[in-house]
S.K.: 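A single structure is presented below for examination.
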Amino acid sequence: MAMKFGGAMVLAVIASVMMGASTAYPGWNNNNGYAWPPKQADGPNEVPPKKVIVGGSENWHFGFDYSAWAHKSGPFYVNDTLVFKYDPPSDNNTHPHSVYVFPSFWSYMRCDLKRATMVANVSDGAGDGFEFTLSQTWKFYFFACGQSSGFHCSTGKMRFSVVSLPRPWKWHG
C-alpha cells in the first residue's frame, strides 16, 4: 500500500512540474499538445546569410590591407557570400586581378600559388563581381590575388583569411 501511495505522490509531483512549466514558458504546448520545439512568434530564428563586398567601397585592388578589413568586417558565418569586385583587363587596366583559395595556412603565408586553386579569373570580378559562398562550418578560408606570380599577394596586401562560424540565432519578441 505504501508503494501505491509513493507512486501516486510521484505522479502528483510530475503533474505539478508540468503545470509549472506550462505557466513559466507560455506556448510550450502550442503544437497540438505534443510537438517540440514550440512554434512561437517570438521564438528564435536563424540570422539570414549576408553578402559582403570584399574591401567594402575599396573593392579588390593592389595596396589595400585586406587582412585588416577582414578583421574589422567579421565575424563571417556559414552561407555568407563574399563578393570580389575588380576591373577586368583593358587598355586602362594593365594590372588585372584574380582570386585564389589556398589549401593551408602555410601555402597562404608563402603565397604559394602552386598549391592554390583559382576560383575567379581576371574577368570574373567585373560588373556585380564574383561571389564566393562560405559553405562549410568551422572552415578556414585563405584568399589572395594570384596575379604577377604572387606579387599582388606577397607585396600588394591582396590576401586575407576568414573562418566560417555556425550561423547565429536571434530572438524575436
Side-chain angles (χ1 to χ4, degrees), residues 31 35-173:
N31 300 325
W36 187 263
K39 291 181 182 175
Q40 295 182 17
D42 61 346
N45 287 334
E46 192 174 64
V47 173
K50 62 183 177 179
K51 282 190 179 183
V52 181
I53 297 173
V54 174
S57 62
E58 291 287 328
N59 293 330
W60 187 235
H61 70 82
F62 189 87
F64 183 77
D65 189 347
Y66 290 95
S67 291
W69 167 84
H71 179 73
K72 290 176 189 170
S73 300
F76 298 95
Y77 300 101
V78 70
N79 294 327
D80 282 350
T81 300
L82 301 177
V83 182
F84 293 82
K85 291 186 173 190
Y86 49 93
D87 294 328
S90 68
D91 292 337
N92 297 335
N93 181 19
T94 58
H95 299 288
H97 303 296
S98 58
V99 181
Y100 280 74
V101 175
F102 293 92
S104 70
F105 174 75
W106 298 113
S107 61
Y108 163 77
M109 289 303 294
R110 291 189 312 267
C111 293
D112 183 359
L113 296 171
K114 293 182 295 240
R115 299 182 183 272
T117 301
M118 180 190 289
V119 293
N121 67 33
V122 294
S123 300
D124 290 338
D128 291 335
F130 166 74
E131 296 185 357
F132 186 95
T133 301
L134 305 173
S135 61
Q136 296 181 25
T137 304
W138 294 113
K139 178 175 170 98
F140 283 88
Y141 291 91
F142 304 100
F143 297 97
C145 178
Q147 295 310 115
S148 301
S149 301
F151 182 75
H152 289 196
C153 173
S154 61
T155 305
K157 299 181 186 177
M158 292 189 74
R159 66 178 173 176
F160 67 98
S161 63
V162 300
V163 62
S164 55
L165 301 173
R167 294 219 67 75
W169 293 78
K170 69 177 179 181
W171 287 88
H172 300 282

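In this chain, numbering begins with 1 at the start of the sequence shown. Just so we're clear, the structure is a prediction, and the values are computed from it rather than from any experiment.
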S.K.: Answer yes or no: is there a side-chain heavy-atom contact under 4.5 Å between S123 and P89?
M.R.: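 Yes, close enough: below the 4.5 Å cut-off.
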S.K.: Once you round to the nearest 0.5 Å, how far does CG of D65 lie from NE2 of H71?
M.R.: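 If I round to the nearest 0.5 Å, the distance is 11.0 Å.
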S.K.: What's the shortest heavy-atom distance between V83 and D128, and which atoms?
M.R.: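 Answer, listing the atom of V83 first, then D128: CG1-O, 3.4 Å.
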S.K.: Could you measure the distance from the CH2 atom of W60 to the CD1 atom of I53? Nearest 0.5 Å is fine.
M.R.: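 Interatomic distance, W60 CH2 to I53 CD1, rounded to 0.5 Å: 14.0 Å.
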S.K.: Less than 4.5 Å apart, any side-chain heavy atom of Y100 and any of L113?
M.R.: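 In contact.
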S.K.: Using every non-hydrogen atom in the two residues, find where W138 and V163 come nearest and quote the distance to one decimal.
M.R.: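 It is C-CG2, 4.0 Å.
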S.K.: Taking R159 for its side chain and S67 for its backbone only, find out whether a donor-acceptor pair lies under 3.5 Å.
M.R.: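 Checked: no pair found.
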S.K.: Got more than 12 heavy atoms from elsewhere within 6.0 Å of NE2, H95?
M.R.: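 No - once you tally the heavy atoms of other residues, nucleotides and ligands closer than 6.0 Å, there are 12 at most.
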S.K.: Give the table of side-chain donor-acceptor pairs shorter than 3.5 Å for residues 141-149, with sequence neighbours excluded, one pair per line with atom names and distance.
M.R.:
from	atom 1	to	atom 2	distance (Å)
Y141	OH	S135	N	3.1
Y141	OH	Q136	N	3.2
Q147	OE1	S98	OG	2.9

S.K.: Are the side chain of D80 and the backbone N or O of K50 linked by a donor-acceptor pair below 3.5 Å?
M.R.: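 Yes.
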S.K.: Restricting to ring pair (Phe, Tyr, Trp, His ring centres under 6.0 Å), what partner residues turn up for F62, sequence neighbours left out?
M.R.: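 With neighbours one apart ignored, the set is F151, H152.
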S.K.: If you define the side chain from C-beta out and look only at heavy atoms, does anything of V101 sit under 4.5 Å from F132?
M.R.: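 They are in contact (side-chain heavy atoms under 4.5 Å apart), so the answer is yes.
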S.K.: Less than 4.5 Å apart, any side-chain heavy atom of L134 and any of V162?
M.R.: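 Contact flag for L134/V162 side chains = yes.
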S.K.: Hey, is CZ on R167 packed in by over 12 heavy atoms from elsewhere, all under 6.0 Å?
M.R.: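 Atom CZ in R167 is packed in, count exceeds 12.
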S.K.: Are the side chains of V99 and Y86 in contact, using a 4.5 Å heavy-atom criterion?
M.R.: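 Yes, side chains in contact.
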S.K.: Please examine the side chains of P49 and Y77, heavy atoms only from C-beta on, and report whether any two atoms are closer than 4.5 Å.
M.R.: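 SC-SC contact between Y77 and P49 ruled out.
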S.K.: Using 0.5 Å steps for rounding, measure from the NZ atom of K114 to the CZ atom of F102.
M.R.: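 Answer rounded to 0.5 Å: 11.0 Å.
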S.K.: To check you understand the geometry: which heavy-atom pair defines the closest contact between Y66 and F160, and what is its length?
M.R.: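 So the minimum-distance heavy-atom pair works out to O-CB, 3.4 Å.
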S.K.: Looking at CG of D124 and NE2 of H97, how far apart are the two atoms once the value is rounded to the nearest 0.5 Å?
M.R.: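 Result: 14.0 Å between the selected atoms.
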S.K.: Looking only at non-hydrogen atoms, find the nearest pair between W69 and F64 and report the distance.
M.R.: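 Result for this residue pair: CB-CE2, 3.7 Å.
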